[in-house]
Amino acid sequence: MGQKGTETRDRLLAATQELIETGGYYGAGLNQVIAASGAPRGSLYFHFPGGKDQLVGESVRRAGQSIGVALGDLADSDPSVTDLVNGVLRYLGDRLEESGWRKGCPVATVALETAAVNDPLQEACSEVYTSWEAALRAQLTGRPDADDLAVTILALVEGALLLARAHRSREPLDRVARQVGVLLS
């Protein structure tokens with residue numbers, strides 16, 4: 001694939017990611033993706049012969065990698081686990097607030113809408129969550145409860161994002177940040 005093809009594919013994925021983050025799976029119709037990306041309809045089917053589910057699945061994975069990179073960047077500064085989680089909460093809170101409370105977790109909405117009925121999208125969401133759990137678990141090395149703590153912390157972050165979006169307030173994120181410190185002490 002040439003540079004133009006790669007750029008078109010990236011525009012389609014970026015438009016889809018934006019649409020699913022703000023409106024979910026059902027808010028990301030193919031006509032909206034084409035309009036938002038500026039790509040021709042034929043390009044969508046050329047790059048994503050599996051249609052909408054392939055496009056959304058790849059967008060979920062791409063969004064998951066982007067959050068994973070942010071988590072990795074924070075971890076590279078070798079903070080305590082509490083500081084790392086607080087950094088993630090700040091990053092996600094900033095992202096949420098800057099979007100006008102429209103962009104919570106880039107995976108959660110798709111997971112909630114499709115996981116029970118769409119195996120390929122459930123798998124994409126599961127892969128992303130599994131990678132985030134692994135990144136957290138890696139920071140908890142040496143703790144006998146690392147597996148449980150990684151899942152607990154991820155659940156706390158996800159729940160805090162949902163509540164922050166629903167309340168249009170960072171308060172749930174701040175509360176979880178304080179409790180993570182207690183949990184990890």
Side-chain angles (χ1 to χ4, degrees), residues 6-39 43-44 47-48 50-76 84-85 87-139 150-151 153-166 170 172-173 176:
T6 300
E7 289 171 2
T8 300
R9 188 176 199 287
D10 286 345
R11 283 197 335 260
L12 287 163
L13 285 167
T16 303
Q17 184 177 334
E18 179 74 21
L19 289 166
I20 61 176
E21 283 192 56
T22 58
Y25 177 82
Y26 297 106
L30 294 181
N31 290 333
Q32 288 93 337
V33 170
I34 291 166
S37 69
S43 291
L44 188 141
H47 292 291
F48 303 97
K52 181 177 178 177
D53 287 351
Q54 181 185 3
L55 180 63
V56 171
E58 289 190 35
S59 291
V60 164
R61 286 181 180 96
R62 180 176 154 155
Q65 289 172 345
S66 140
I67 299 293
V69 166
L71 194 137
D73 289 347
L74 288 167
D76 285 345
L84 173 68
V85 174
V88 168
L89 287 164
R90 266 191 313 279
Y91 168 77
L92 293 172
D94 290 347
R95 191 173 174 276
L96 179 60
E97 193 168 9
E98 288 166 7
S99 73
W101 307 104
R102 295 175 53 87
K103 287 185 178 182
C105 173
V107 180
T109 304
V110 173
L112 289 169
E113 290 178 333
T114 66
V117 296
N118 187 314
D119 291 342
L121 292 180
Q122 176 274 323
E123 289 170 15
C125 294
S126 180
E127 285 172 23
V128 171
Y129 284 135
T130 299
S131 73
W132 292 348
E133 285 174 33
L136 288 167
R137 189 178 310 105
Q139 297 301 309
V151 170
I153 291 168
L154 181 57
L156 287 169
V157 169
E158 287 293 312
L161 281 171
L162 175 64
L163 292 172
R165 191 172 181 187
R170 291 181 79 118
L173 298 166
V176 164

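Along the sequence shown, residues are numbered consecutively beginning with 1.
Side-chain atoms of R165 do not come within 3.5 Å of backbone N or O of L96 as any donor-acceptor pair. Remark: side-chain polar atoms of T130 are paired, donor with acceptor, to backbone N or O of S126 under 3.5 angstrom. With R137 contributing its side chain and A150 its backbone, the two residues share no donor-acceptor pair below 3.5 Å. The backbone N or O of V151 lies less than 3.5 Å from no partner atom in the side chain of W132, so there is not a single donor-acceptor pair.
The list of salt bridge (charged side-chain N to carboxylate O under 4.0 Å, His left out) pairs with a residue in residues 26-38, not counting sequence neighbours, is empty.
Closest non-hydrogen pair, A15 versus V33, comes out as CB-O, 3.9 Å. Across K52 and L30, no two heavy atoms sit closer than the pair CB-CD2, 3.9 Å. Of all heavy-atom pairs spanning H47 and Q54, the tightest one is O-NE2, 4.1 Å. Heavy-atom minimum distance, A39 versus I34: O-CG2, 3.1 Å. Taking all atoms of both residues into account, the shortest heavy-atom contact from L121 to G57 is CD2-N, 3.4 Å. What you find for A63 and E21 is that their closest heavy atoms are CB-OE2, 4.5 Å.
Summarising the geometry, atom CG belonging to L162 is positioned 7.5 Å from atom CG belonging to L112; distances are rounded to the nearest 0.5 Å. To the nearest 0.5 Å, atom CD of residue E123 and atom CG of residue N118 are 9.0 Å apart. Interatomic distance, CG of L19 versus CG of L55, reported as 9.5 Å (0.5 Å rounding). Once rounded to the nearest 0.5 Å, the distance linking CG of L92 with CZ of R170 reads 9.5 Å. Atom OG of S37 and atom CG of L44 lie 7.5 Å apart (nearest 0.5 Å).
Two residues are said to be in side-chain contact when any heavy atoms from C-beta on lie closer than 4.5 Å; L154 and L136 meet this criterion. Looking at heavy atoms from C-beta onward, L13 lies in side-chain contact with F48 at the 4.5 angstrom threshold. Residues T109 and T22 fail the side-chain proximity criterion, which asks for heavy atoms closer than 4.5 Å. With contacts defined as side-chain heavy-atom distances shorter than 4.5 Å, the pair R95/P106 qualifies.
Take V60 and apply the side chain to side chain contact (heavy atoms under 4.5 Å, CB included) test, not counting sequence neighbours, and it matches I20, V56, V107, V110, A124, C125, V128. Applying the ring-ring contact (aromatic ring centres under 6.0 Å, His included) criterion to Y25, with sequence neighbours excluded, gives no partner residue.
Salt bridge R61/E127: present, at least one basic N to carboxylate O contact under 4.0 Å. A salt bridge does not link D94 with K103: none of the charged nitrogens is closer than 4.0 Å to a carboxylate oxygen. Electrostatic pairing of R9 and E58 counts as a salt bridge here, judged by a charged N lying under 4.0 Å from a carboxylate O.
Shown are I67, L74, I153; of these, the side chain to side chain contact (heavy atoms under 4.5 Å, CB included) with V88 is made only by L74.
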